[in-house]
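For reference, the structure is listed below as structure tokens.
Counting begins at 1 with the first residue of the sequence.
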Amino acid sequence: MADDKIVGLDIGTSVIRVAIGELDPETGNIQIAGTASRKSAGLRNGVIVNMEEVKTAIKEVIDAAEQNAGTTVESVITAIGGAQIESMNQNGKVPVSSTNKTTKEISYEDINRVIECATAINVTDDREKLHVIPQSFIVDGVGGIQDPLHRMGTRLEVEVHIVTASKTTIQTIRTCISRASYALDGVMLKTLAQTQSVCHQDEMELGSILIDLGAGTTDVLVLYNGAPISTASIPIGGNAVTNDIATVTGISPSVAEDIKVKDGCCWLPNITPENDKEIILPGVGGRDPDVVMQSEICPIIQARMEEIFAMVKASIKKNTNNAIKQLSGNIILTGGGAMMDGVIELAQNVFKTSSVRLGVPENLGGIPEDYRRPDYATVIGLVLANKSLIKGNDRKKKSRLHLQKQEKTKSGESVFKKLFKSFF
């Protein structure tokens with residue numbers, strides 16, 4: 001990665017997106033210099049099944065982003081999600097080292113030791129630790145501590161969220177990017193990257209749910225007290241909606257996808273007799289074209305989207321010991337599916353809350369705000385989350401964010417805990 005830019009790459013099931021971020025030397029802030037997107041190829045439900053097609057798609061979309069930004073790309077940071085991800089919460093406990101006979105002050109070394117204790121778990125040979133994120137520390141039984149450094153105590157405990165990923169998937173992604181002639185600077189959990197572009201501090205503290213409505217999968221991240229408490233993936237996404245439309249109406253999946261994107265609505269009350277519109281279904285095999293109303297297509301979409309949200313809700317209840325009742329922040333919707341008409345109202349109905357909003361990246365300056373859409377949350381988040389990688393010129397001193405190497409900061413925290421502390 002060049003010292004003056006960060007390139008985020010989101011390899012989605014239906015669309016591949018790129019965002020190029022550059023550091024403004026005067027303000028020290030990131031500006032988006034260029035973006036690009038193109039239809040994916042070689043993926044099925046978030047899994048790469050044809051490396052050659054993926055390589056070609058990556059090359060084409062980065063070439064387009066380079067032209068838009070007027071720069072060249074050497075390396076990228078990408079995201080991972082879907083069924084390849086697993087997570088767990090773990091605890092660690094250590095005695096505080098004595099600095100002298102009378103004082104026990106928590107040091108960097110104590111923080112290092114307790115995190116290492118919490119993460120000393122057996123991971124199967126086919127998986128790698130992706131992130132280790134401290135949630136909170138406990139000193140002599142007093143919990144909810146975000147930074148225990150220099151506190152007095154005799155016993156230090158930590159609660160961490162550990163995310164693992166498939167080794168095979170990581171290597172496949174690395175190979176595709178390498179074959180496209182780019183270096184891979186790091187891989188990040190997709191929903192974790194999105195928090196950096198669409199979430200606010202108060203939402204994270206109060207407890208919020210980020211739902212990424214992708215084409216192949218629906219990924220979920222639950223945050224509370226400023227840190228993740230649950231990660232999940234539902235193996236159904238927008239492609240299921242497309243298939244339902246195609247099956248019920250007897251049209252091709254490609255035409256069904258166009259109808260979903262252009263005229264899709266998943267909340268029937270939004271369609272009134274005044275705004276209901278005609279949708280032309282092309283004829284197949286010599287059959288004459290047919291005309292249906294948007295209000296006839298809506299129930300097909302709504303049924304599947306409602307099922308997806310219900311599965312998300314059930315997963316959260318299962319994985320967080322019903323902590324969903326304690327969350328008082330927002331439900332934040334990202335991904336291509338979040339741009340469908342009625343998605344907010346449907347989510348409000350399923351989750352029984354009015355606290356639902358779209359996850360739209362903020363205005364970062366640079367190019368026109370084409371990236372201020374929920375489907376760009378991942379690539380913009382990748383750029384913002386890794387801003388520190390372009391501060392200074394000595395790349396060897398920078399964390400490269402490699403999956404298998406959870407590098408520590410001076411305080412002993414993982415780079416991702418530092419990321420969360422700075423953001424929240």
*Step by step, work out the side-chain contact (heavy atoms from CB on, under 4.5 Å) result for Tyr371 and Ile367.*
CA-CA 9 Å; Tyr371 57 86; Ile367 63 172; 4.0 Å; yes
_Partners meeting side-chain hydrogen bond (donor to acceptor under 3.5 Å, both in side chains) with Tyr182 (sequence neighbours left out)_ = Lys59
When the side chains of residues 23-32 are checked against the rest of the protein, which donor-acceptor pairs come out under 3.5 Å, sequence neighbours left out?
unit_1	atom_1	unit_2	atom_2	d
Asp24	OD1	Glu26	N	2.9
Thr27	OG1	Asn29	N	3.2

Does [X] reach the main-chain N or O of [Y] with its side chain, forming a donor-acceptor pair under 3.5 Å?
{"X": "Asn386", "Y": "Val383", "value": "no"}
{"X": "Thr217", "Y": "Ile234", "value": "no"}
{"X": "Ser315", "Y": "Met311", "value": "no"}
{"X": "Glu53", "Y": "Asn50", "value": "no"}
{"X": "Asp219", "Y": "Ser233", "value": "no"}
{"X": "Gln196", "Y": "Ala385", "value": "no"}
{"X": "Ser40", "Y": "Gly12", "value": "yes"}
{"X": "Asn319", "Y": "Ile316", "value": "no"}
{"X": "Gln302", "Y": "Leu268", "value": "yes"}

So do the side chains of [X] and [Y] get within less than 4.5 Å of each other, counting heavy atoms only?
{"X": "Val350", "Y": "Glu306", "value": "yes"}
{"X": "Tyr376", "Y": "Ser37", "value": "yes"}
{"X": "Val15", "Y": "Lys39", "value": "no"}
{"X": "Val49", "Y": "Leu43", "value": "no"}
{"X": "Asn363", "Y": "Arg372", "value": "yes"}
{"X": "Thr353", "Y": "Val356", "value": "yes"}
{"X": "Val312", "Y": "Thr218", "value": "yes"}
{"X": "Ile332", "Y": "Ile209", "value": "no"}

_Any carboxylate oxygen within less than 4.0 angstrom of a Lys/Arg side-chain nitrogen, looking at Arg151 and Glu105?_
no
*side chain to side chain donor-acceptor pair (under 3.5 Å) with Arg127: which of Thr168, Thr169, Thr164?*
Thr164
Looking only at heavy atoms, what is the nearest atom pair of [X] and [Y], with distance?
{"X": "Ala118", "Y": "Ile162", "answer": "O-CD1, 4.0 Å"}
{"X": "Ile380", "Y": "Pro361", "answer": "CG2-CB, 4.0 Å"}
{"X": "Leu192", "Y": "Pro228", "answer": "CD1-CG, 4.5 Å"}
{"X": "Ala377", "Y": "Gly359", "answer": "CB-O, 4.4 Å"}
{"X": "Pro134", "Y": "Val160", "answer": "CA-CG1, 3.9 Å"}
{"X": "Cys199", "Y": "Leu210", "answer": "SG-CD1, 3.8 Å"}

Would you say [Y] and [X] are linked by a side-chain donor-acceptor pair, where the criterion is simply a distance under 3.5 Å?
{"X": "Thr191", "Y": "Asp212", "answer": "no"}
{"X": "Ser354", "Y": "Gln348", "answer": "no"}
{"X": "Asn330", "Y": "Ser208", "answer": "no"}
{"X": "Gln135", "Y": "Asn89", "answer": "yes"}

*Kindly determine whether Lys317 and Thr320 satisfy side-chain contact (heavy atoms from CB on, under 4.5 Å), including the steps that lead there.*
CA-CA 6 Å; Lys317 286 184 176 181; Thr320 61; 5.7 Å; no
If you measure from [atom1] on [X] to [atom2] on [Y], what distance do you get to the nearest 0.5 Å?
{"X": "Asp185", "Y": "Ile6", "atom1": "CG", "atom2": "CD1", "result": "9.5 Å"}
{"X": "Glu86", "Y": "Ser166", "atom1": "CD", "atom2": "OG", "result": "9.0 Å"}
{"X": "Ser230", "Y": "His161", "atom1": "OG", "atom2": "NE2", "result": "6.5 Å"}
{"X": "Asn225", "Y": "Gln146", "atom1": "CG", "atom2": "CD", "result": "6.5 Å"}
{"X": "Asp10", "Y": "Thr78", "atom1": "CG", "atom2": "OG1", "result": "6.5 Å"}
{"X": "Cys265", "Y": "Ile301", "atom1": "SG", "atom2": "CD1", "result": "7.5 Å"}

Listing, residues 336-347 side-chain donor-acceptor contacts under 3.5 Å, not counting sequence neighbours, or none:
unit_1	atom_1	unit_2	atom_2	d
Asp341	OD1	Asn270	ND2	3.3

*Residue pair Lys5, Val7: steps toward the side-chain contact (heavy atoms from CB on, under 4.5 Å) verdict*: CA-CA 7 Å; Lys5 67 172 70 71; Val7 182; 4.3 Å; yes
*asked:* Counting only heavy atoms not in Arg155 (residues, nucleotides, ligands), do more than 12 fall under 6.0 Å from its CZ?
replied: yes
*Pair Thr231-Val220, side-chain contact (heavy atoms from CB on, under 4.5 Å): steps then yes or no*: CA-CA 6 Å; Thr231 305; Val220 185; over 6 Å; no
*With sequence neighbours excluded, what pairs up with Lys352 under the side-chain contact (heavy atoms from CB on, under 4.5 Å) test?*
Lys313, Asn349
List, one per line, each side-chain donor-acceptor pair under 3.5 Å for residues 235-245, sequence neighbours excluded.
unit_1	atom_1	unit_2	atom_2	d
Thr242	OG1	Gly238	O	3.4
Thr242	OG1	Glu257	OE1	2.5
Thr242	OG1	Lys260	NZ	3.0
Asn243	ND2	Asn239	O	3.3
Asp244	OD1	Arg304	NH2	3.1
Asp244	OD2	Arg304	NE	2.7
Asp244	OD2	Arg304	NH2	3.3

*asked:* Tell me which pairs pass side chain to side chain donor-acceptor pair (under 3.5 Å) where either residue lies in residues 11-23, with sequence neighbours left out.
replied: Arg17-Asp375
